[in-house]
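Below: the structure, in structure tokens.
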Number of protein chains: 2
Amino acid sequence: MQKPTIKDIAKALNISPSTVSRALSGKPGASEELRRKVIDTAQELGYMKNLSAGTLKNSKSKIIGVIAFDIRNPFFLEFLKGVEDVLFPREYKILLSNVDENVDKEKTYLNWMIGHGVEGILASPVTEKTGKSNLRLYQDFFKMGIPIVFYDRLFYNQDQFDHVIVDNQDVIIQALIHLKENGHEKIGIFLSKKGIFTIEERLKGFLKGCKLLNIPVKKEWICEDIYPHEKAIEVLNGLKRKNNLPTAIIATNNNLTKYIVYAVKKNNIKIPEELSLIGFDDSLENELIDPPLTTIKQPILEEGKIAATSLLSRIEDRYARPMRVVLKGELIERKSVKNLKS
Amino acid sequence: MQKPTIKDIAKALNISPSTVSRALSGKPGASEELRRKVIDTAQELGYMKNLSAGTLKNSKSKIIGVIAFDIRNPFFLEFLKGVEDVLFPREYKILLSNVDENVDKEKTYLNWMIGHGVEGILASPVTEKTGKSNLRLYQDFFKMGIPIVFYDRLFYNQDQFDHVIVDNQDVIIQALIHLKENGHEKIGIFLSKKGIFTIEERLKGFLKGCKLLNIPVKKEWICEDIYPHEKAIEVLNGLKRKNNLPTAIIATNNNLTKYIVYAVKKNNIKIPEELSLIGFDDSLENELIDPPLTTIKQPILEEGKIAATSLLSRIEDRYARPMRVVLKGELIERKSVKNLKS
DNA sequence: CTGAAAGCGCTAACAG
DNA sequence: CTGTTAGCGCTTTCAG
């Protein structure tokens with residue numbers, strides 16, 4: 001039993017393949033009666049259009065590629081759901097990747113995707129500590145007219161690309177204001193892998209906010225490049241050992257948040273009595289952790305929907321002006337920040 | 001700037017397209033010198049093989065489809081990572097779906113995948129409460145020789161298919177034994193959407209285990225069809241209101257676990273003092289929740305790797321004997337089960 | 001309204 | 001070792 005083709009239908013009905021094609025695609029040029037007959041026998045034979053053939057013919061693959069920096073990040077649960085919500089009704093499918101924060105792997109996937117004729121790419125580009133990235137490749141794709149929308153991360157000074165990101169600086173400043181209002185002056189921040197756009201932005205936001213709010217910046221409390229995230233544990237242990245803990249810590253990533261909570265508990269440090277903590281990326285868990293975590297929330301589902309919608313618009317009009325969307329995050333106040341003033 | 005093809009390279013070097021093809025694919029029949037030249041100009045022109053063309057030609061798409069019952073389920077974070085780990089080195093890509101536990105959506109995606117010429121499908125099939133499913137379609141695919149591996153879920157009495165699942169009954173029985181050892185006799189179980197293979201198996205395990213261990217079964221404590229999972233909250237509230245709580249509850253799904261914890265906290269019920277709880281699907285969060293949750297752990301990453309490996313084997317040999325893998329889960333003991341004997 | 005024919009990019013069989 | 005030719009399944013002219 002082979003996959004039936006358009007020819008099989010044609011043969012069964014004693015008509016030509018092109019007529020079958022027209023009938024099936026709903027294009028003008030086939031009587032209603034014939035159309036019905038064609039559709040019926042297609043059903044019967046279990047016919048399914050070979051989409052690769054169409055891709056070859058008119059490069060409409062109805063597939064979009066998603067470059068995911070690390071598929072184990074819960075970010076993608078929400079993000080992909082948002083993307084899929086938008087794509088499914090329009091019959092676009094997702095070719096998924098997982099680049100593990102690795103520039104070479106990203107390059108491989110990008111080339112594969114192009115090879116498969118994706119109509120567009122949703123990407124959160126990887127940048128290594130050294131600054132190495134696939135910018136050049138993305139630029140080539142741009143020149144070839146392949147629609148690209150960056151989400152979550154982007155390249156600086158590359159305004160020709162569309163993007164959907166969260167205002168990372170603002171979100172950290174919101175956290176800083178909240179801490180300051182609660183009397184905190186000794187504030188630390190835990191940052192993930194260096195060089196990544198979001199992380200650098202969050203650091204900038206921290207520095208900017210501290211200046212703005214007259215919060216002293218202490219180098220030992222700016223904990224950079226904590227990657228893999230387990231490293232958060234030893235960093236926190238170190239701070240504790242030297243008796244050098246700030247009164248509050250801001251986490252800048254969901255995983256980091258969890259490891260900090262873990263490390264804090266293992267050290268028998270009480271939140272928020274001895275240490276206040278602001279988590280990053282909201283989830284039901286943050287509500288359930290003891291104590292419920294005050295958290296910076298990114299609108300991830302929305303980000304996915306907007307990214308997908310933008311990409312589809314870009315596919316329809318390659319020459320539209322760049323679409324740049326910056327979403328606001330918010331601070332969800334719960335119980336992990338102590339008020340030092342009372 | 002158009003995507004360069006094999007022809008462009010041929011023209012640039014004044015050779016024939018087929019020679020380029022041979023040179024690029026590393027097949028015999030092209031001098032080393034020429035091969036190098038071809039590869040160089042390919043690089044220069046930014047050539048990337050059009051994989052749709054190859055798919056059309058010899059139906060080797062190098063894509064496998066993954067039917068995901070609900071992409072928001074953290075299960076997929078791990079599972080997809082396991083799958084990707086295996087596929088990437090072998091140059092297979094993932095065409096992702098999200099069927100939201102909906103049979104029609106599953107059908108649509110299955111047809112799309114076939115249309116795109118996927119070489120195989122990894123599926124956790126959906127079954128509705130009414131028993132409605134896409135079994136027929138899967139059987140058709142099987143007849144057409146399309147490799148399919150079921151993971152997490154399967155159809156009863158369909159032994160022709162390959163599968164990788166967890167021993168769901170055993171895992172619940174392990175939990176029951178643990179509870180019994182700690183003196184529990186009044187045990188409840190929270191089950192997700194009815195009709196789903198894993199859920200039905202876990203219920204069977206519960207019933208079987210209770211019989212085996214002489215634990216009385218009380219109907220009100222078998223809470224079925226809790227879907228969407230938020231319903232767990234009102235169900236637990238109801239039990240509490242009627243003063244009819246068991247001494248222990250087994251959750252049978254990661255999300256359910258979280259909502260139960262949430263509901264319990266909202267009701268000011270103390271775990272484990274007033275109520276013992278065994279969660280399902282381990283994660284770092286379960287360690288961090290107060291109290292750390294004793295949890296049934298499925299080897300999800302491994303499941304993903306084995307599923308992908310099996311599918312690849314099946315692709316290589318369609319006529320191999322069915323591969324049926326049943327993985328053992330384990331109980332991670334933490335602090336959410338009270339010892340009633342002491 | 002319908003059929004014949006060409007071609008999308010690539011590979012493989014067949015010649016040379 | 002290299003070129004020519006045909007064809008994968010479909011759409012799209014171009015004829016009729």
Side-chain angles (χ1 to χ4, degrees), chain A residues 2-39 41-42 45-63 91 111-119 144, chain B residues 2-39 41-42 45-63 91 111-119 144:
Chain A
Q2 271 296 308
K3 274 197 234 178
T5 77
I6 211 170
K7 275 189 194 163
D8 297 313
I9 301 176
K11 221 173 285 170
L13 260 56
N14 247 315
I15 55 175
S16 81
S18 36
T19 307
V20 175
S21 171
R22 276 187 293 252
L24 250 24
S25 62
K27 295 242 169 75
S31 66
E32 260 319 304
E33 197 201 330
L34 192 64
R35 190 187 304 281
R36 205 139 347 131
K37 265 201 274 184
V38 168
I39 292 173
T41 46
L45 298 176
Y47 170 79
M48 179 62 215
K49 181 156 88 171
N50 180 328
L51 296 160
S52 303
T55 304
L56 188 53
K57 185 65 186 165
N58 50 27
S59 51
K60 291 229 175 305
S61 62
K62 286 288 200 171
I63 298 182
E91 305 195 358
N111 280 319
W112 282 349
M113 285 176 177
I114 297 305
H116 281 292
V118 297
E119 290 190 50
M144 285 163 55
Chain B
Q2 271 296 308
K3 272 195 235 178
T5 76
I6 211 169
K7 276 189 194 165
D8 297 313
I9 301 176
K11 223 173 285 171
L13 261 56
N14 248 317
I15 54 174
S16 82
S18 39
T19 307
V20 176
S21 170
R22 278 186 292 251
L24 251 22
S25 63
K27 296 240 168 75
S31 65
E32 260 320 303
E33 195 200 333
L34 193 63
R35 191 186 304 280
R36 205 140 345 130
K37 264 202 273 183
V38 169
I39 291 172
T41 46
L45 296 176
Y47 169 79
M48 180 61 216
K49 181 154 85 170
N50 180 329
L51 296 159
S52 303
T55 304
L56 188 54
K57 184 67 183 167
N58 49 26
S59 51
K60 291 231 175 302
S61 62
K62 286 290 200 171
I63 297 182
E91 306 195 359
N111 279 318
W112 283 349
M113 286 175 174
I114 297 306
H116 280 292
V118 297
E119 290 189 51
M144 283 162 55

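In what follows, chains are A, B, ... by sequence order, proteins preceding strands, each numbered from 1.
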Would you kindly give the NZ-to-C1' distance between A/Lys60 and D/dG9, to the nearest whole Å? 18 Å
When you match B/Arg22 and B/Gly54 each to their closest nucleotide on DNA chain C, which lands nearer the 5' end? B/Gly54
Return no unless some side-chain N or O of A/Ser18 is found under 4.0 Å from OP1 or OP2 of D/dT11. no
When rounded to whole Å, the NZ to C1' distance for the pair A/Lys62 and D/dG9 reads 19 Å
Within this structure, what is the CD1-to-P distance between B/Ile6 and C/dC10, rounded to whole angstrom? 5 Å
Result for 5'-nearest mapping on DNA chain D, choosing between A/Val20 and B/Ala53, is B/Ala53
Is it true that a side-chain atom of A/Thr55 and a backbone atom of A/Leu51 form a donor plus acceptor pair closer than 3.5 Å? yes
Which is true for B/Leu51 with a 4.0 Å heavy-atom rule: it touches a base, it touches only sugar-phosphate, or it touches nothing? nothing
Quick check for you: to the nearest 0.5 Å, what is the distance between B/Thr41 atom OG1 and B/Tyr47 atom OH? 11.0 Å
Figure out the CG/C1' separation between B/Leu24 and C/dC10, and round it to whole Å. 11 Å
Heavy-atom check, side chain of B/Val38 versus side chain of B/Ile15, under 4.5 Å: yes
Can you find a side chain N or O atom of B/Thr19 that sits less than 4.0 Å from OP1 or OP2 on D/dG3? yes
Between C1' on C/dT11 and CG on B/Asn50, what's the gap in Å once rounded to a whole number? 13 Å
Between atom CD in B/Glu32 and atom P in D/dC1, what is the gap in whole Å? 9 Å
Kindly point out which of C/dG3, D/dG9, D/dT11 is positioned nearest to the side chain of A/Ser16? C/dG3
Please tell me if the side chains of A/Met144 and B/Lys3 come closer than 4.5 Å, counting only heavy atoms from C-beta onward. yes
Remember a base hit wins even if backbone is also touched, and classify A/Leu34 as base, sugar-phosphate or nothing at under 4.0 Å, heavy atoms. sugar-phosphate
Rounded to the nearest angstrom, tell me the gap between atom NZ in B/Lys7 and atom P in D/dT5. 14 Å
C/dG9 OP1/OP2 closer than 4.0 Å to side-chain N/O of B/Thr5: no
OP1 or OP2 of D/dT11 under 4.0 Å from side-chain N/O of A/Lys49: yes
Within less than 4.0 Å of OP1 or OP2 of C/dT2, is there a side-chain N or O belonging to A/Ser31? yes
Look at atom NZ of A/Lys62 and say whether more than 12 heavy atoms of other residues, nucleotides or ligands are closer to it than 6.0 Å. yes
Rounded to whole Å, the NZ-P distance (A/Lys57 to C/dG9) equals 10 Å
